Amino acid sequence: MVQSSQVDRTDFVVVGAGVAGLRAAIELASQGEVLVVTKESLGESNTHYAQGGIAVATEGREDVALHLEDTVGAGDGLVFRPAAELLVQEGPGRVAELIDWGAAFDRENHNPQGELLRTREAAHSRPRILHANGDATGAEISRSLVAHAREIARSHCRIRFAEWTMATGLVVEGGRVVAVDLLDAQNVSRRVGVRAVLLASGGAGQVYSDTTNPAVATGDGIAIAAQAGAELADMEFYQFHPTALSLPGVPRFLLSEALRGEGAYLRNDCGERFMERYHAQLELAPRDVVARAIAREGMGANPADSRLVYLDMRHVTGIDLTVRFPGISRFLATHGLSLQTDLIPVRPAAHYMMGGIRTDLDGRTTLQGLYAAGEAACTGVHGANRLASNSLLEGLVFGARAAGAILADDSGFSQTAATAAATVLGLGDEETSLVEALIGRLQRSMWAHAGLLREETTLRQGIAELTEIALALRQLNENGRGSRRLFEANALASVAGSILRAALARTESRGAHFRNDFSRRDDVHFQKHSVERNGEVRFEAW
Ligand SMILES: Cc1cc2nc3c(=O)[nH]c(=O)nc-3n(C[C@H](O)[C@H](O)[C@H](O)COP(=O)(O)OP(=O)(O)OC[C@H]3O[C@@H](n4cnc5c(N)ncnc54)[C@H](O)[C@@H]3O)c2cc1C
């Protein structure tokens with residue numbers, strides 16, 4: 001492990017140690033020195049918390065074609081087909097490689113030679129979701145990638161990890177990213193010269209008050225890319241997972257879609273199985289449809305609303321739920337609940353960002369020397385709505401592709417000198433409390449104004465409130481002191497602004513973006529991707 005302050009220059013900096021960053025780092029290490037920086041420990045990422053599984057066609061070409069159609073269908077007319085084709089075609093090879101590196105997906109009879117077990121999730125036409133340890137797929141993927149990267153590090157020292165170190169900015173010279181600014185846990189900052197930077201910093205669930213995402217998901221990479229002048233795309237499309245645990249004072253723990261894949265029903269507080277009124281695929285309808293149905297049943301749109309919606313598995317027989325879902329069962333048990341015997345209260349929560357830093361099919365952003373992959377990036381692969389369990393696969397496929405492009409494009413170091421390490425003075429107690437209060441206000445405002453159900457008046461209210469928050473942050477920024485949380489607050493404000501502007505500009509409803517005042521899909525005007533540069537939104541057909 002290195003301290004970021006020990007590194008002045010390195011070939012490649014990878015920001016983020018989730019599936020996309022780790023997969024890319026492994027590839028990059030074949031031809032240069034890689035520094036993987038991650039804000040907390042290696043295990044703290046959205047990847048680590050992924051439960052349900054990884055979608056991959058495992059039955060030859062027929063299923064590759066069906067996986068493509070399912071992905072395109074879920075994306076509601078906006079999937080960039082060439083990206084989806086790469087995802088489903090290259091996915092099986094990437095997963096096979098991961099299995100070779102030691103990822104232990106669940107198999108029949110717990111036998112290492114047994115057939116891989118596959119489950120089904122919403123909007124998949126067949127069971128193709130591989131899982132590990134029942135409901136801890138992400139942790140196993142993360143474990144196997146870290147172990148493989150460490151093996152490489154031991155054999156030729158090409159990958160170094162800087163934990164508790166965050167990227168806070170990019171240095172652009174002549175239109176090219178030449179260095180990255182890092183801040184470590186001791187508040188020591190340093191500028192590191194690079195040949196290329198890959199932003200694999202994940203999503204931004206923390207922009208909303210209700211989210212399944214861990215605390216690290218504050219959209220930092222998206223914010224620093226935008227600040228450096230890179231284009232963002234499709235920022236209005238934020239996926240709300242329909243079923244997060246809804247208990248007062250308890251984090252919005254995810255109740256995987258695989259529960260519905262195994263037969264769970266949704267019931268309102270009258271006991272009615274209400275999905276019959278919303279979609280022919282019932283509980284396995286696309287995520288946005290289920291999430292809005294729950295909102296309409298009295299939850300989600302207004303956090304103060306007290307009507308409850310429940311997940312019901314009491315009728316499910318033939319599988320031992322505590323074996324199939326050990327992590328979820330354990331978590332529920334700590335709150336006195338059981339999948340076998342109880343109705344489980346649920347509500348939607350912000351889960352996955354379809355938009356992000358605009359990239360081509362090889363992770364190239366609109367800035368030379370800057371690449372992005374995984375949830376931080378937007379290739380258009382998910383369109384307006386991600387198909388369940390496609391994002392771990394996205395990280396593997398596009399993480400590897402981005403690394404390939406970095407190696408192919410490489411134009412060497414610039415002359416930019418690294419700066420000496422300098423300690424940034426921390427914030428005082430009062431300022432720290434103010435930052436936390438501003439973050440809380442921003443999260444509540446985004447939930448209320450740019451959540452599941454949007455309209456012009458609420459979006460404009462959101463923009464007005466964000467303007468006040470940004471002003472207060474500017475005053476804090478001006479005192480020359482800083483902290484991780486102040487940086488995160490700025491990142492959240494930046495991402496929130498992009499979401500609000502794009503959501504206001506898209507006067508139609510599509511996928512995860514629903515406008516009460518424009519409730520229909522409008523292909524004539526909006527079968528296009530929103531693109532934002534320097535705060536200006538335009539629409540482009542890809
Ligand atoms: C609870 C939950 C369950 C999920 N279940 C599934 C599932 O079953 N199947 C599926 O396909 N998808 C699932 N997802 C989505 C999926 O996990 C993510 O989309 C995917 O893992 C993203 O991978 P990533 O590599 O892009 O980013 P992440 O895994 O989020 O990694 C981002 C990394 O960047 C680091 N970072 C962030 N900012 C900075 C900074 N400024 N400086 C340095 N480091 C930084 C973080 O610390 C982290 O290491 C789930 C998500 C959640 C939250």
Side-chain angles (χ1 to χ4, degrees), residues 4 13-25 35-56 91 119 121 129-132 135-139 141-142 145-146 161-170 180-184 197-206 211-225 239 241 244-245 251-258 261 327-328 349-354 356-357 372-377 382 386-396 398-399 402 484 487-488 491:
S4 63
V13 167
V14 173
V15 180
V19 58
L22 290 169
R23 182 61 192 81
L35 177 68
V36 179
V37 296
T38 182
K39 210 155 60 163
E40 292 194 1
S41 65
L42 278 179
E44 198 57 18
S45 60
N46 276 6
T47 298
H48 179 81
Y49 292 97
Q51 295 177 347
I54 180 164
V56 66
T119 193
E121 290 186 355
I129 321 291
L130 305 182
H131 44 86
D135 54 8
T137 312
I141 289 178
S142 175
L145 286 170
V146 170
F161 294 103
E163 293 178 294
W164 300 95
T165 298
M166 66 193 297
T168 55
L170 298 166
V180 55
D181 289 330
L182 303 178
L183 182 71
D184 72 16
V197 175
L198 174 71
L199 295 172
S201 44
Q206 291 292 327
T211 181
T212 62
N213 289 192
V216 291
T218 48
D220 303 358
I222 297 165
I224 60 179
Q239 185 172 79
H241 198 288
L245 183 63
R252 296 280 169 253
F253 180 79
L254 183 76
L255 296 167
S256 166
E257 199 150 84
I328 292 174
H351 186 58
Y352 180 85
M353 185 161 215
M354 270 74 71
I357 306 157
E375 195 169 336
H382 306 298
R386 173 184 68 114
L387 182 68
S389 285
N390 262 359
S391 43
L392 291 170
L393 191 67
E394 172 192 24
L396 288 180
F398 290 99
R484 167 176 160 178
F487 172 79
E488 289 179 336

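It should be emphasised that the depicted structure is a prediction, and the values quoted were computed from it without experimental measurement. Whatever order the structure lists them in is the order used to number ligands and atoms, beginning at 1. No hydrogens, no waters, no symmetry mates; every other heavy atom, side chains included, goes into these values.
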Hey, looking at atom 10 (C) of ligand 1, which of S201, A20, S391 has the closest heavy atom?
-> S391
Which bit of I54 gets closer than 4.0 Å to ligand 1, counting heavy atoms only: side chain, backbone, both or neither?
-> neither
Looking only at protein heavy atoms, which one is nearest to atom 19 (O) of ligand 1, and how far off is it?
-> E375 OE1, 2.6 Å
Please write down residue, atom name and distance for the protein heavy atom closest to atom 20 (C) of ligand 1.
-> T47 OG1, 3.9 Å
For A17, enumerate each residue passing the side chain to side chain contact (heavy atoms under 4.5 Å, CB included) test, keeping only those at least two apart in sequence or located in another chain.
-> L22, V36, T38, L42
Closest to atom 1 (C) of ligand 1 by heavy-atom distance, out of Y49, W164, F398, is Y49
Under 4.0 Å from a heavy atom of Y352: give me the atoms of ligand 1 that qualify, with their elements.
-> 19 (O)
Between the candidates R252, M353, E44, H48, which shows the shortest non-hydrogen contact distance to atom 46 (C) of ligand 1?
-> E44
Check each atom of ligand 1 against the heavy atoms of L254 and keep those under 4.0 Å away; list them by number with element.
-> 1 (C), 2 (C), 3 (C)
With a 4.5 Å limit on heavy-atom distance, are the side chains of F487 and I224 in contact?
-> yes
Hey, is E394 touching ligand 1 through its side chain, its backbone, both or neither, going by heavy atoms under 4.0 Å?
-> neither
Judged by heavy atoms only, the candidate from A167, G169, A50 nearest atom 6 (C) of ligand 1 is A50
Taking atom 27 (O) of ligand 1 as the point of reference, which of G21, G202, S256 owns the nearest heavy atom?
-> G202
